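Worksheet: one structure, shown below.
Order of the sequence lines sets the chain letters (A, B, ...), proteins ahead of strands, with each chain counted from 1. When reading the values below, keep in mind they use all heavy atoms of this one structure, side chains included, and skip hydrogens, waters and symmetry mates. Fair warning: this is a prediction, and the values are worked out from it, not measured in the lab.
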Amino acid sequence: MSDLKLFNTLTREKETFEPLIPGEVRMYSCGPTVYNHLHIGNMRTFVWGDVLRRYLEWRGLRVKQVMNVTDVEDKIIRNAAAAGQDLQTYTAPFIESFHASLAKLRVRKADAYPRATEYIPQMVALVQQLNDRGHTYTADGSTYFKVSTLDGYGKLSRVEIDETSEYSRIESDEYEKESARDFVLWKAKKDNEPAWMTPIGEGRPGWHLECSAMSMDLLGETFDIHTGAVDLIFPHHENEIAQSEGATGKPFVRYWIHGEHLNIDQQKMSKSLGNIYTVPEIESMGYDLLALRYALLSVPYRTKLNFTTQSLDDAKNALSRIESFLLRVDEVSRSAPHDAKHSDGAADQLIGKFLTDFETAMDDDLNTAGALGALFTLIREGNIAFDEGRILAGDAEGLKTALMKIDPVLDIFPMREANLDAEIDALIEARNAARKARNFAESDRLRDELVSRGIVLEDTPGGTRWRKA
RNA sequence: GGCGACGUAGCCAAGUGGUAAGGCAGAGGUCUGCAAAACCUCCACUCGCCGGUUCGAUCCCGGCCGUCGCCUCCA
């Protein structure tokens, strides 16, 4: 097995991944701020984060994955107040829809989803630790991180803040900060905002604090992987590093993995352009969410993805090709249950090449496009071998095993709904009886009826197969 | 102004110092009920433009043009 290489934002290079503790990976994925329904750009980040975790597991590593849910923040406070609700009431439906969307996209559950509001004591302790080490100052009841006290600030983003530049959008007069680079750790209570009474004053946490507190609490002071999208590199992740390393004096994260954005029709999603899509919206447009998952994975995570509805149509058709092949493999593998014969080794060759190519692609910084390429090459060459009669039941069984082997990583294979089968089969049987009687009008009527129910038929010399349209 | 990414066929997109994966669309063909679906074949002498390095560059270097992102909340 070759090495898994991942692009580490810290070094701007693809590095061989080796966990700190052999065999065990601890990863933190930046999760949602729940003031809104999540859009498909958010989902892209969660999907590849999940695939990273799946691939690590596929390589035999045990993974502990944590994803935060940020449920206290400026927009949440503002919206909740406008709705006349408390934070928990306001955020609950968004948290619920977040999980529902993930499930529909086949994103597996992380091991924990800590919430910021449940981590106030740990955050306060972190601020106190930073204070003890001389990295903070207070002004008007708020506590700030003094960036000048920490060597190496900026090592992740390589951003140097020039306070004098007219282009710097950092507002240096905000919150009584001593320096534009400084950032707030703990915000003093204002007006009627929700606040916690703590040893460092009555107030609420700054934006970056929860991620440092929760990740270190659940994964340790130094852990392996931290994922997120590129926009978080600065200031969020840079400040997480400052808070965490300032408090512990130890390296915080070993591999920073950032994914590119998803654009809609070449443009960034934004409310003003009205081009934000949520998962339920995609669904109500009539698309199968598996097509969305496929579309998201067809572009490697570090490449900008230009999303269009055509990409969903393309994905849907590509998935049909995959499903037809799966059906063909399945049918042949079941054709001779026991004394399954192997033919000339054609299948073994295809399988070997497929698994090697798949792994090579995934090892190269999670090249999912290359991995899919390997799959489609297997499908074409497999179909040719089938047509030439070089694949017998035993070979097909091997193909099936190979396909099932990669299934847990990409998880893009269409699933059958078993309870449909009996009903479908009855209609197919009736249609085939009509065909046999050369009553094509009736057989076509039955076929069309199936089509209208979303079932496509494939007549083959061996019988009729069906799949979902 | 600073930092960074990208520009490969109609669309999406991988990739390598030695002459371009894959998917979709399109065109042919096989099977078949002159049906549907499926399957196969074909489809970039060329990788934004111009120089340079090299025996040889799409892939290395430099310049230019173009697109996009971050420097403020943001997946």
Next item on the list: Using a heavy-atom cut-off of under 4.0 Å over every strand shown, decide if A:His258 touches base, sugar-phosphate, or nothing.
Entry: nothing

Item checked: Under 3.5 Å on both distances, the Watson-Crick or G-U partner of B:C42 -> B:G26

Next item on the list: Would you mind pulling out the nucleotide paired to B:U16, Watson-Crick or G-U wobble, both distances under 3.5 Å?
Entry: none

Checklist line | Under 3.5 Å on both distances, the Watson-Crick or G-U partner of B:C59 | finding: none

Margin query: As a test of reading the structure: which of B:C12, B:A38, B:A75 is closest to the side chain of A:His261, going by heavy atoms?
Written below: B:A75

Margin query: Can you measure A:Tyr301 atom OH to B:A14 atom P for me and round it to whole angstrom units?
Written below: 13 Å

Notebook entry, point to check: Mind checking the P distance from B:U58 to B:A21? Whole angstroms is fine.
Noted result: 15 Å

Can you give me every donor-acceptor pair (side chain of residues 100-107 of chain A, partner residue at least two apart or in another chain, under 3.5 Å) with its distance?
unit_1	atom_1	unit_2	atom_2	d
A:Ser101	OG	A:Ser97	O	3.1
A:Lys104	NZ	A:Glu283	OE1	2.8
A:Lys104	NZ	A:Glu283	OE2	3.3
A:Arg106	NH1	A:Asp411	O	3.3
A:Arg106	NH1	A:Asp411	OD1	3.0
A:Arg106	NH1	A:Phe413	O	2.9
A:Arg106	NH2	A:Phe413	O	3.2

Next item on the list: Could you tell me whether A:Asp224 and A:Arg254 make a salt bridge, using a distance below 4.0 angstrom between a side-chain N and a carboxylate O?
Entry: yes

Checklist line | side-chain N/O A:Arg158 vs B:C70 OP1/OP2, d < 4.0 Å | finding: no

Check: Across all strands, who's sitting opposite B:U32 as a Watson-Crick or G-U wobble pair, both distances under 3.5 Å?
Finding: none

Item checked: Same-atom distance (C1') from B:C43 to B:G33, integer angstrom -> 31 Å

Next item on the list: Take the protein atom CD1 of A:Ile264 and the nucleotide atom P of B:C68, then report the distance between them rounded to whole Å.
Entry: 15 Å

Note to self: Heavy-atom nearest nucleotide on RNA chain B for A:Gly31 versus A:Ile384: which residue maps closer to 5'?
What the structure shows: A:Ile384

Margin query: What's the gap between B:U67 and B:G28 when it is taken at their P atoms, as a whole Å value?
Written below: 39 Å

Notebook entry, point to check: B:U30 C1' sits how many Å from A:Asn383 CG, rounded?
Noted result: 13 Å

Checklist line | B:A14 OP1/OP2 closer than 4.0 Å to side-chain N/O of A:Asn367 | finding: no

Extract from the structure each pairing of a protein N or O with an N or O of nucleotides 4-6 of chain B at less than 3.5 Å, listing the distance.
none

Checklist line | Closest listed nucleotide, where the reference is the side chain of A:Val299 and the choices are B:C73, B:A75, B:A13 | finding: B:A13

Checklist line | Sequence-distant partners of A:Arg26, salt bridge (Lys or Arg N to Asp or Glu O under 4.0 Å), two or more places apart | finding: none

Margin query: Whether A:Arg334 and A:Asp330 form a salt bridge (side-chain N of Lys/Arg under 4.0 Å from carboxylate O of Asp/Glu) is what I want to check.
Written below: yes

Checklist line | Non-hydrogen side-chain atoms of A:Cys30 and A:His237 separated by less than 4.5 Å | finding: yes

Next item on the list: Between B:C70, B:A75, B:C73, spot the one nearest the side chain of A:Lys268, thanks.
Entry: B:C70

Note to self: Can you see whether A:Asn239 engages A:Tyr153 through a side-chain donor-acceptor pair at a distance of less than 3.5 angstrom?
What the structure shows: yes

Check: Which whole number of Å gives the distance between the C1' atom of B:A38 and that of B:G15?
Finding: 30 Å

Checklist line | For B:C6, the Watson-Crick or wobble partner whose two distances fall under 3.5 Å | finding: B:G66

Notebook entry, point to check: So, are A:Asp448 and A:Arg445 salt-bridged, with charged N and O less than 4.0 Å apart?
Noted result: no

Notebook entry, point to check: At under 4.0 Å between heavy atoms, what does A:Ser324 touch on the DNA or RNA strands: base, sugar-phosphate, or nothing?
Noted result: sugar-phosphate

Item checked: Between P of B:C24 and CG of A:Leu319, the distance in whole Å -> 10 Å

Notebook entry, point to check: Would you say A:Arg438 has more than 12 foreign heavy atoms packed within less than 6.0 Å of its CZ?
Noted result: no

Item checked: Whole angstrom value for the distance that separates C1' of B:A75 from NE2 of A:His226 -> 13 Å

Notebook entry, point to check: When you measure from the centre of the six-membered ring of A:Phe7, is the NZ or CZ of A:Arg302 under 6.0 Å away and within 45° of the axis?
Noted result: yes

Next item on the list: For nucleotides B:A13 and B:U8, find the distance between their C1' atoms and express it as a whole number of Å.
Entry: 9 Å

Notebook entry, point to check: Can you check the A:His236 NE2 to B:C70 P distance for me, whole Å?
Noted result: 16 Å

Notebook entry, point to check: Starting at CG of A:Asn306 and ending at P of B:U8, how long is that distance when rounded to a whole Å?
Noted result: 12 Å

Item checked: Contact pattern, 5' to 3', of nucleotides 31-36 of chain B - B, S or - by protein heavy atom under 4.0 Å -> --B-BB

Notebook entry, point to check: So, A:Arg467 and A:Glu323, do they make that salt bridge, N to O below 4.0 Å?
Noted result: no

Margin query: Among residues at least two apart in sequence or on other chains, which ones pass side chain to side chain donor-acceptor pair (under 3.5 Å) with A:His236?
Written below: A:His208, A:Glu240

Note to self: Just checking A:Lys400: does its NZ atom have more than 12 heavy atoms from other residues, nucleotides or ligands closer to it than 6.0 angstrom?
What the structure shows: yes

Kindly give the atom pairs (protein nitrogen or oxygen, nucleotide nitrogen or oxygen) under 3.5 Å for nucleotides 21-23 of chain B.
unit_1	atom_1	unit_2	atom_2	d
B:G22	OP1	A:Arg380	NH1	3.3

Notebook entry, point to check: Does the distance from a Lys or Arg side-chain N to an Asp or Glu carboxylate O, for A:Lys353 and A:Glu381, drop under 4.0 Å?
Noted result: yes

